[in-house]
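Keep in mind the model is a prediction, meaning the values are calculated, not measured. Values reported hereafter were calculated over all heavy atoms of this structure, with side chains retained and with hydrogens, waters and symmetry mates removed.
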Amino acid sequence: LISFFSLTIISCSSSSDDGSSTTSDNTTTTDDDTTTTTDTTPPTVSSSSPSDGDTSVSITSNVSVTFSETMDTSSISTNTLDTSCFGTFQVSSDGFTTCIQMSSSPTSSNSDKTFTITPEDNLSDSTVFRIRITTGTKDSSGNSLTSQWTTSSGFQTGVPPILTEVTVVTTPTNDNTPNYTFSSSEAGTITYGGSWSSSTTSATSGNNTITLVSLSEGTYSNCTIIVTDSKGDISNTLAITSFTVDTTAPTVAQVTVVT
């Protein structure tokens with residue numbers, strides 16, 4: 001007794017007479033000994049800097065975002081002309097009614113995964129900024145972001161130092177290197193304005209007494225102090241109370257003999 005059996009094999013891939021086959025997902029195509037994979041996965045935003053929720057951010061900070069994969073650099077753009085919300089990489093402090101003007105196009109790093117933009121001017125103090133990436137952003141295979149990405153709470157710039165006058169220079173004074181005391185809410189670097197200066201260039205948090213460099217005789221009414229903290233936040237301009245230096249001793253101008 002001779003029996004015959006038939007065996008049928010069903011494959012999930014399609015094939016052609018020349019040995020090629022294709023499968024779907026991130027599409028893979030096999031042709032003889034050559035395998036080609038087509039990327040169909042859309043990119044996502046992995047992180048941002050400053051991070052969402054960061055506080056006391058420097059007003060001189062750059063802004064960057066990092067994607068999940070290598071991006072098409074031509075699809076990452078920003079506004080360098082004005083404060084309109086143009087481009088795929090935007091930063092705003094008013095809900096994207098307007099956007100921060102940038103100094104140049106985004107720069108790429110990290111194998112074209114990270115992109116950085118630099119504001120044209122310092123960011124405003126004590127302000128919340130949000131970052132937005134639009135769906136015009138594409139990876140190197142042409143896959144677009146599936147939905148617009150926006151930081152939820154944003155990042156906040158720091159509060160600048162607050163300066164107040166504590167002890168003024170006595171006026172008039174015959175001391176041409178007088179002391180002056182002011183208070184700062186933060187430590188930082190001192191900048192002097194007007195016709196005075198001091199060898200003291202750093203302020204501490206609290207009261208600061210400075211000794212002025214040798215002053216000529218005269219009235220000093222245009223003197224100011226500014227303190228810049230470590231994050232680049234600039235204080236209010238403290239106008240110094242006017243004072244006069246008089247180092248000339250009195251002389252007898254006339255002697256009248258009384259008889």
Under a 3.5 Å threshold, yes or no: a donor from one side chain and an acceptor from the other, between [X] and [Y]?
X	Y	result
Asp94	Ser92	yes
Asn208	Thr204	yes
Thr228	Thr189	no
Thr116	Thr107	no
Ser64	Thr114	no
Thr181	Asn179	no

Closest non-hydrogen atom pair between [X] and [Y], with its separation:
X	Y	value
Met71	Ile76	CE-CD1, 4.4 Å
Ser61	Pro119	O-CD, 3.6 Å
Thr41	Glu69	O-OE2, 3.2 Å
Pro42	Ser144	CB-O, 3.3 Å
Pro178	Asn176	CD-C, 3.3 Å

| task | Check side-chain hydrogen bond (donor to acceptor under 3.5 Å, both in side chains) between Asp52 and all other residues, then give those that pass, not counting sequence neighbours. | result |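 In terms of side-chain hydrogen bond (donor to acceptor under 3.5 Å, both in side chains), with neighbours along the sequence ignored, Asp52 is linked to Ser152, Ser153.
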
| said: Applying side-chain hydrogen bond (donor to acceptor under 3.5 Å, both in side chains), can you list everything that pairs with Ser84, at least two apart in sequence or on another chain? | reply: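 Applying side-chain hydrogen bond (donor to acceptor under 3.5 Å, both in side chains) to Ser84 gives Asp82.
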
| field | Check against side chain to side chain contact (heavy atoms under 4.5 Å, CB included), Thr151 and Ser48 | value | CA-CA 9 Å; Thr151 48; Ser48 65; 4.1 Å; yes

| task | Step by step, work out the side-chain hydrogen bond (donor to acceptor under 3.5 Å, both in side chains) result for Asn222 and Ser195. | result | CA-CA 7 Å; Asn222 64 344; Ser195 305; 3.3 Å; yes

| said: Holding to ring-ring contact (aromatic ring centres under 6.0 Å, His included), I want the full list of residues that pass it with Phe89, two or more places apart in sequence or in another chain. | reply: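 For Phe89, no residue satisfies ring-ring contact (aromatic ring centres under 6.0 Å, His included) once neighbours in sequence are set aside.
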
Side-chain donor or acceptor of [X] paired with backbone N/O of [Y] under 3.5 Å:
X	Y	answer
Gln148	Thr134	no
Thr88	Ser75	yes
Asp125	Ile59	no
Thr80	Ser104	no
Ser141	Asn143	no
Thr157	Thr127	yes
Thr70	Ser111	yes
Asp229	Gly232	yes

| Pairs satisfying disulfide bond (SG atoms under 2.5 Å apart), at least one member in residues 92-134, at least two apart |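 Of all non-adjacent pairs touching residues 92-134, those that pass disulfide bond (SG atoms under 2.5 Å apart) are Cys85-Cys99.
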
| query | Is there any disulfide bond (SG atoms under 2.5 Å apart) pair reaching into residues 117-158, and which pairs are they, with sequence neighbours excluded? | reply |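 Every pair satisfying disulfide bond (SG atoms under 2.5 Å apart) with a residue in residues 117-158: there are none.
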
Please enumerate all residues that pass side chain to side chain contact (heavy atoms under 4.5 Å, CB included) together with [X], with sequence neighbours excluded.
X	answer
Thr118	Asn62, Ser103
Thr55	Gln156
Thr201	none

| request: Share the residues that join Phe96 in a hydrophobic cluster, the rule being Ile, Leu, Val, Met, Phe, Trp or Tyr side chains under 4.5 Å apart at the heavy-atom level. | output: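 For Phe96, no cluster forms, as it stays isolated from other hydrophobic side chains.
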
| In the hydrophobic clustering (ILVMFWY, side-chain contacts below 4.5 Å, transitive), which residues join Leu215, or is it alone? |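 Via sub-4.5 Å side-chain contacts, Leu215 links to Leu163, Val169, Tyr180, Phe182, Ile190, Tyr192, Trp196, Ile210, Leu212, Tyr220, Ile225, Val227, Leu238, Ile240, Phe243, Val245.
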
Minimum side-chain heavy-atom gap [X]-[Y] below 4.5 Å:
X	Y	value
Lys231	Ser56	yes
Thr244	Thr173	no
Leu145	Thr44	no
Ile117	Val91	yes

I need the [X] [atom1] to [Y] [atom2] distance, nearest 0.5 Å.
X	Y	atom1	atom2	value
Arg130	Ile100	CZ	CD1	13.5 Å
Thr83	Met102	OG1	CE	11.5 Å
Thr60	Asp233	OG1	CG	8.0 Å
Asp139	Asp72	CG	CG	8.5 Å

| said: Once ring-ring contact (aromatic ring centres under 6.0 Å, His included) is applied, what residue pairs with a partner in residues 141-172 remain, sequence neighbours excluded? | reply: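 Listed once each, the pairs are Phe129-Phe155.
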
| request: Let me see the working for Thr73 and Phe115 under side chain to side chain contact (heavy atoms under 4.5 Å, CB included), right down to the final yes or no. | output: CA-CA 9 Å; Thr73 57; Phe115 292 81; 4.0 Å; yes

| request: List the steps, then state whether side chain to side chain contact (heavy atoms under 4.5 Å, CB included) holds for Ile133 with Gln90. | output: CA-CA 7 Å; Ile133 304 296; Gln90 304 168 3; over 6 Å; no

| query | Sequence neighbours excluded, which residues qualify as disulfide (SG to SG under 2.5 Å) partners of Cys223? | reply |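 Not a single residue meets the disulfide (SG to SG under 2.5 Å) criterion with Cys223.
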
| request: Give a yes or no on whether Val63 and Val45 share a hydrophobic cluster (residues Ile, Leu, Val, Met, Phe, Trp, Tyr; joining criterion: side-chain heavy atoms under 4.5 Å apart). | output: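 Linked within one cluster.
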
| request: Before giving the answer on side chain to side chain contact (heavy atoms under 4.5 Å, CB included), spell out for Thr248 and Glu217 the whole-Å C-alpha distance, their side-chain angles and the decisive distance to 0.1 Å. | output: CA-CA 8 Å; Thr248 302; Glu217 283 194 333; 2.5 Å; yes

